[in-house]
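Here's the structure, in structure tokens; my notes come after.
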Amino acid sequence: MLFNSFPFLILVIIAFSIYYCPLFKNQQVLVLIAASMVFYGYSQPYYLTLLIFSATINAVASYLVFYSSTQSRRKAWAIVGVSLNLSILLFFKYNHLLDGIVPPSDDVFYFMVTLPLPIGISFYTFQGISLIVDTYNPNMTYDIKIEKRFALHFKNTFFFKVFFPQLIAGPIVKAHQFFPQICSKKFKDINVSLVFKSIVVGYFLKSVIADNLKDQTFWIAYPYFEYQSSATLITMLFGFSMQIFADFAGYSLIAIGVAALFGYNLPENFNFPYISGSITEFWRRWHISLSSWLKEYLYFPLGGNRKGNFRTYVNLITVMFLGGLWHGAALNYGIWGLWHGAGLMIERALTGKADRGKEETRIHIFVIRMLLVFIFVSLGWLLFKLTSMRYALDYLLAIFKNISAPHNYALLLKIAIYSCPVVVYHMIYLAKTRRPEIYSSILKHDYAIYSIMIVLIIVNGGIPGEFIYFQF
Amino acid sequence: MNSYISSFKNYYLKVAVLIILMIATYNVLLLVFQPKITTFQSQWIANYSRAETYLYKNPKPKVIIVGSSMSARLQDDKLDRDVHNLSFGGGSPLTGLIIIKNSDHIPNLICIETNTIEGGINKDMIKSLFTPVVWKIKKYLIVLQYTYQPMNIVLTMVNSRFGQRYENQKNEKIDEGVFKAEMGRHLKEENCVDGLDNPLKIAEIKGLIEYFYSKGAKVMFFQMPVYKEISSSARYVQRENKLRQAFSDMNIEWSQLGDNADDKYLTADGIHLIPRSAGEFTVEINNRIREISTSF
């Protein structure tokens, strides 16, 4: 079920009405679980069993971790739980690699090997791992309440995993962020401003920007790019960077807004990433829930930056490579991860300790750094659009070869127009930090900005397309 | 507390009023000026616009052409007023047939492009065009139609000011590199599985045709001209024979217009006519439609 679909609107209206009805005051979690099952089952009903199975593993494992009497038993159950989660994820994500090896037959194994990827598995599996690790938590950093009654704990775990706003494409919520929020919610406590602004900006980015840009960046695909001029190729790549941001950030904002409607705060997932002056900063602003998950559950346990420079570089490359593979079992994603890992490594090597994290105040240096990071990131996005390495390299070669090819002015104009709001969106953020007086004057009339966005959603929304991150 | 509620209400009231004002104004301007949109953001928006123009047209056309990107190149200004081209870039004739069926309007004649007759139905498009209630409202609230998106209006204005020279160049120029590369790709498809071998697909097409027959419509098959190397390829000839065999039991008018066209028409890539040739072929097919229409 797409966020930008009629059935989703009906689902939210019905769920909202029942949720805040006094009759169902004590069953709010069950109402949301039911809505989530409808949401997920609408497109892939057969995968509801997998979702239930995954939630059961996490409920049982986290319960046993919490209530086991000895540290060694707690650790053992934690390892079992995390391993089972990863096994499921690895199987469904990478089973197609066996497709060419296992001969076609009628047996169950071949059937399993050819199963399509369940939507959202990368996201809800990582959430499950987060629950088990947070519960194990040898340093007692988090205080997650695991109910003594298993049925109640199962309900909370199931809810944590299937809560529909973030089920399919995040933000990836950590257990210690979500569990403390599970309680009865009141209608009067709804943060209306957050709901309104998140949903409007989210739908604007998705429907007006991403869905329209996808029609223009379609021509990045092979063989169409072969005939385009260098300027057109560069512009299309720029447009795709805008599109992927608008698509994913838009989805995350809608998820945050819809969750807030039911009284739950999801973590911020994008913080104006394209103004980043370094790759390190980019990863603090882009897909924050994934990068912080990788940092907390992978990078730090590997030693982080506490074991010398060489080990830090190895850890960075490893984490980014695995982060790339999280997106899919294909060479292009691994290379994308390595691309960013190498970038982080080189950046760290070249930046003195004293300069790390320092904000750049010189405007011209800030702009140059921002552009360099943007170019670096955009080149990486090419591997998301052209999933064949050969085509990606051909695309880059074509940028150098097709200098005298005729420009596609219509395409250039359309991409420029649809990219403007993303650029303006980032500039408003910059104004907030560097020109607060401009930002305040914009805020005074923000009702007009939101009105225009809503009108454009209604009259200039693109043909609905699936969210790019659904495929992961 | 009261002032908080008051400012809260004022803010959202301002938003609501502004939205209604802007949409109403835009709708009125569209109804008053009735801009002719000739340039669309993308071929997909152009497809939706074609479908919407048909759905909300009054009076409804007597003749409808359904097809793919090949017949989407037929030029509307060279077709008679009661002929509507419901062909879609990247689409298939079946999508057009489903749209006609769902619209509850039965034309006198349906012309079906056979080059891609076995292409799949675009279910997302059908769902979107016929969203309950919304598709009826769009007839009056035309701002909701894809045709009148502000971006299409901007592009039409820009194109009318700057685009003519580019269009004229396109009329005559064939890019040899593109032509060769695309021809290579089309000829590679010699070994692809033919959809016409699928009995379920044939049954689906026949079912739709029979539905229109039962409502009193006539059907004409026509073929868009393609480059001779493609039309003389073994697969193409085989396909022709399969097509005739599959529909031999139906009373279908087979137009010979696109057959053996060879050098008469020029294509940009082997299968899509260049504008000049598309104009010429449009005149021919329109004449053929007129001949058949005399019997209505």
Side-chain angles (χ1 to χ4, degrees), chain A residues 2 4-7 9-10 188 192-193 195-197 200 208-209 211-219 222-224 226-228 401-402 405-418 444-466, chain B residues 8 10-27 30 39-48 90 122 124-125 127-128 131-134 141-146 148-155 158-159 162-163 166 169-170 173 175 177-178 181-182 184-185 269:
Chain A
L2 295 180
N4 47 349
S5 68
F6 194 60
L9 177 66
I10 302 296
K188 64 178 177 61
V192 178
S193 178
V195 170
F196 175 73
K197 289 177 179 174
V200 170
V208 179
I209 308 302
D211 282 347
N212 281 308
L213 274 174
K214 81 170 178 332
D215 289 349
Q216 315 313 325
T217 61
F218 171 86
W219 309 106
Y222 177 82
Y224 310 112
E226 291 188 319
Y227 318 125
Q228 305 290 350
K401 274 188 340 190
N402 296 4
H407 301 310
N408 189 333
Y409 291 107
L411 192 58
L412 296 178
L413 177 65
K414 286 178 277 191
I415 290 175
I417 290 175
Y418 281 120
K444 271 192 207 141
H445 307 288
D446 75 345
Y447 69 90
I449 296 172
Y450 286 104
S451 307
I452 291 169
M453 280 197 275
I454 292 171
V455 169
L456 285 173
I457 291 166
I458 293 169
V459 306
N460 210 90
I463 293 164
E466 262 198 3
Chain B
F8 170 96
N10 273 347
Y11 182 89
Y12 293 106
L13 193 60
K14 272 195 258 190
V15 168
V17 166
L18 213 49
I19 290 168
I20 292 168
L21 260 174
M22 283 193 276
I23 289 181
T25 306
Y26 187 46
N27 203 64
L30 287 175
T39 309
F40 298 92
Q41 300 188 53
S42 66
Q43 88 175 3
W44 300 277
I45 297 282
N47 289 348
Y48 273 76
N122 187 337
D124 289 335
M125 186 180 186
K127 225 197 284 188
S128 175
T131 307
V133 177
V134 174
L141 202 57
I142 63 174
V143 290
L144 298 180
Q145 293 181 25
Y146 281 103
Y148 298 108
Q149 290 188 331
M151 185 59 137
N152 294 336
I153 293 177
V154 166
L155 290 172
V158 169
N159 194 44
F162 300 107
Y166 180 62
Q169 281 172 1
K170 259 175 42 180
K173 196 174 155 190
D175 186 311
V178 169
E182 289 300 308
R185 246 181 294 282
D269 58 0

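Convention: sequence-line order gives letters A, B, ...; per-chain numbering from 1.
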> Where does B/Ile45 contact chain A at under 4.5 Å (heavy atoms): side chain, backbone, both or neither?
Replying inline: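 Interface part for B/Ile45: both.
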> So what's closer than 4.5 Å to chain A heavy atoms on B/Met151: side chain, backbone, both or neither?
Replying inline: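 For B/Met151, backbone and side chain are both near chain A.
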Among [options], which residue has the highest count of heavy-atom pairs closer than 4.5 Å to chain A?
{"options": "B/Ile19, B/Asn152, B/Leu155", "value": "B/Ile19"}
{"options": "B/Tyr26, B/Tyr148, B/Trp44", "value": "B/Trp44"}
{"options": "B/Ala16, B/Pro132, B/Pro150, B/Ser42", "value": "B/Pro150"}

> What do you reckon, are the aromatic ring centroids of B/Tyr146 and B/Phe40 less than 6.0 Å apart?
Replying inline: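 Ring-ring flag for B/Tyr146/B/Phe40: false, centres at least 6.0 Å apart.
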Strictly by modelled atom types, are [X] and [Y] linked by a side-chain donor-acceptor pair under 3.5 Å?
{"X": "B/Asn159", "Y": "A/Tyr409", "answer": "no"}
{"X": "B/Gln149", "Y": "B/Tyr48", "answer": "no"}
{"X": "A/Asn408", "Y": "A/Tyr227", "answer": "no"}

> Pick from A/Val455, A/Leu413, A/Leu411: which one has the most heavy-atom pairs with chain B under 4.5 Å?
Replying inline: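 Looking at each option in turn, the highest pair count goes to A/Val455.
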> Side chain, backbone, both or neither: which part of A/Ile454 has a non-hydrogen atom closer than 4.5 Å to chain B?
Replying inline: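 For A/Ile454, side-chain heavy atoms alone lie under 4.5 Å from chain B.
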> Considering only heavy atoms, which portion of A/Tyr450 lies under 4.5 Å from any heavy atom of chain B: side chain, backbone, both, or neither?
Replying inline: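 Looking at A/Tyr450, just its side chain touches chain B.
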>> Whether A/Lys414 and A/Asp215 form a salt bridge (side-chain N of Lys/Arg under 4.0 Å from carboxylate O of Asp/Glu) is what I want to check.
In response: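 The answer is no: the pair does not qualify as a salt bridge.
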> Looking only at heavy atoms, which two atoms of A/His407 and A/Leu412 are closest? And how far apart?
Replying inline: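 Closest approach of A/His407 to A/Leu412, heavy atoms only: CB-CD1, 4.3 Å.
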